[in-house]
2 protein chains.
Amino acid sequence: MQCVLTPDTEGYDQIDSVTTGASVLVEGVVASSQGGKQKVELKVSKITVIGKSDPTSFPIQKKRASREFLRTVAHLRPRTNTFGAVTRVRNALAYATHKFFQDNGFVWVSSPIITASDCEGAGEQFYVTTLLSNSAEGGSLLKDIPATKDGRVDWSQDFFCKPAFLTVSGQLNGETYASALSDIYTFGPTFRAENSNTARHLAEFWMIEPELAFADLNDDMACATAYLQYVVKYIIENCKEDMDFFNTWVEKGIIDRLNDVVEKKFVHLSYTDAVELLLGSKKKFEFPVKWGLDLQSEHERYITEVAFGGRPVIIRDYPKEIKAFYMRQNDDGKTVAAMDLLVPRVGELIGGSQREERLDHLEARLDEQNLNKESYWWYLDLRRYGSVPHAGFGLGFERLVQFATGIDNIRDAIPFPRVPGSAEF
Amino acid sequence: MQCVLTPDTEGYDQIDSVTTGASVLVEGVVASSQGGKQKVELKVSKITVIGKSDPTSFPIQKKRASREFLRTVAHLRPRTNTFGAVTRVRNALAYATHKFFQDNGFVWVSSPIITASDCEGAGEQFYVTTLLSNSAEGGSLLKDIPATKDGRVDWSQDFFCKPAFLTVSGQLNGETYASALSDIYTFGPTFRAENSNTARHLAEFWMIEPELAFADLNDDMACATAYLQYVVKYIIENCKEDMDFFNTWVEKGIIDRLNDVVEKKFVHLSYTDAVELLLGSKKKFEFPVKWGLDLQSEHERYITEVAFGGRPVIIRDYPKEIKAFYMRQNDDGKTVAAMDLLVPRVGELIGGSQREERLDHLEARLDEQNLNKESYWWYLDLRRYGSVPHAGFGLGFERLVQFATGIDNIRDAIPFPRVPGSAEF
């Protein structure tokens, strides 16, 4: 807000302390503004400097400091216009997420963060342990780590008495609650120890994973569509000023792009038809297009941005070889009831599937993928005892924030990004 | 819901498959009930068994299986009345938390889960690492863990290039956002690698940590009071059936106890007066009572349950020696502007403080507690650049669930409890 001071303002002698980063208390009268940039301004009758800020050392000097630099002062960057706006829109998207699911009878379930369950699958997981230490004396000596006779880490002496990891998804746990209470959703942090230094990857990110009981893939697609339209509409209506800011300074046309999501009918397309469409296009792609290969980001963006002119697209029925063991097999024997929701700019925003509720089919898939059935005893129990057709999807929350704000780099879509080599603050 | 079948019901021949744990689809007409236990019942015209459940092997056999046993089948326990009700009330408390803060202009901020920040303080923290592995061949050989020349773990080769931990609190990060956007709150998982096998401790639990800008301890106490009354009122009004269930089967009188929280004025008491009160009581305590010692659970429960007959009590102005470095020093030089909110049964439910916003005072406290000022550079920056008086509190969400449901053991207040020796599912 523009605050107008005159030499008559009480506290005017403190004006030299009113520098970038300082906090002040102002009292006065709101009046319609003389200038063109804002509707109202505050005619200040009294100003008090609460907290000074040395203008020569305040870290954010330039008016438009680079996003890269601002990541090094992540404790101060929310004071900038851009990050203030991102934080508020992120907040609104989170609250709209809760509102949407709560209004539709879903129950929020907190899936566990630490898990010693064997079903998460190895690789790209962080270990959680108390076997290491980093005392003032300089840190763990290797020889002090509890070991078995053959020189291996002795997990039985770890906090959980076996190897434990940070979760990569709450879905399997979510399914247990959907099999008890009907529709549920999770909304919590998940992790990938993936050495990807890209603008699309974080080691720590928030996921939204609804699970619908007595539902098939069509119900799942309808839910994903309604959800996305709801949250996008919510921020357009409730974050007007911030969205105008993004429209002017971050991505021109973003409001139109988002309005398309709310208003236009989503395209539905089978994977097989999507491959046909790509093969029939004149576009040269970097990655090959062939039935049986996964679609790459460039393919997804072509489909939603070019082929369907900005309309969101849901692709369904993917080859079973490129999808997870828990997805329900279609009758053709070749595909599974999976779906990906693609949007312009971001590509895949949501991925979901109907889950395999038939015990024999699920066990066969575990065998095919060389997964250990014993590890999945509790997941299989859901199919042994009162199995129900169910479906769900997962949404990376920071991808949604990127999509909704136009922010390029996912590291700017979360307050304190965690990436290879950096977990500061 | 009671479903009434007759031999005329379509699908009646499947009746033998309608066993505990099975899932069924029933169609029919809702009618007022003949029996006294429910108002309505369903006169079933058609029944279809969706998923069978072998009654001889279904794990939850007994009608009232022990809570301890149910923890071993955490994937099935939400199907019981008790855990269904706990899950729904937990959900309502979470949503009411968001509603309260959102309606009052607070912004949800996700504080980081993994942190390599040195300010968390050693001990009782989980390490997060990719230096270990647990391959099919039998797990990490100690000799394969990257080491420095002097035989120590080589953190520079870890994912974050230094030791990283699971967060124990989002408060310090929350303060950075409160110093930028005014009132914020966090709501996310936090961790303690504490070897406590009690009914009050979890290794993984959810915390709610609001932070109020331009606020002092009185504002903080008012916010904690309003918050607690709001969420308790919310579940009384919105979870009537489940609360009746708890009132009948889990803790007789719980609804009255909760109504007291909503309706009665909270007692405010200084720590010094609380010590006087305890010393003046005729009760024999296990732990000593003396000015300068922390209050134990038995003291807290005596104060709220006996001395003030079930009214919540806020104790304020604790000796600085027993409180954290970041709490604002009072003018007496002996106490800090800290507060604990005590409730019957649980004892301390909320702990908060006004934060020390004066750079010199804060640095002196870090020195007194032998903490490394360099590690706190970004936290101190908040006092260097536009410092504002601010205050906040923390609330362990599972303690709130216990308080609101009457559930004795905190392991039953979270879907998949993590405790020493166990991170199953």
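Worth saying up front: this structure is predicted, and the values here are computed from it rather than measured. Per chain, numbering begins at 1; letters A, B, ... match sequence-line order.
The heavy-atom pair separating A:F191 from B:I114 by the smallest distance is CD2-CD1, 3.7 Å. Of all the heavy atoms in A:P189 and B:W206, the pair that sits closest is CD-CH2, 4.3 Å. Nearest approach of A:P78 to B:L181, heavy atoms of both residues: O-CD2, 4.1 Å. The two residues B:E204 and A:S111 have their closest heavy-atom pair at OE2-O, 4.4 Å.
The contact between B:S57 and chain A is made by backbone and side chain atoms together, counting heavy-atom distances below 4.5 Å. No part of B:V73 comes within reach of chain A, as not one of its non-hydrogen atoms sits under 4.5 angstrom from that chain. Using a 4.5 Å cut-off between heavy atoms, A:D150 contacts chain B through its backbone alone, with no side-chain atom that close.
Counting heavy-atom pairs closer than 4.5 Å to chain B, the top residue among A:P59, A:A22, A:S17 is A:P59.
Between B:H75 and A:W377, the two ring planes are perpendicular [angle over 60°; tilted spans 30° to 60°]. Relative orientation of the A:F416 and B:Y177 rings is perpendicular, given thresholds of 30° and 60° on the angle between their planes.
The salt bridge (charged side-chain N to carboxylate O under 4.0 Å, His left out) contacts involving residues 91-102 of chain B comprise nothing, where partners must be two or more places apart or lie in separate chains. Applying the salt bridge (charged side-chain N to carboxylate O under 4.0 Å, His left out) test to residues at least two apart or on different chains, the pairs with a partner in residues 78-95 of chain A are A:R88-A:D242, A:R90-A:E398.
When only modelled atom types and interatomic distance are considered, B:T20 and A:Y385 share no side-chain donor-acceptor pair under 3.5 Å.
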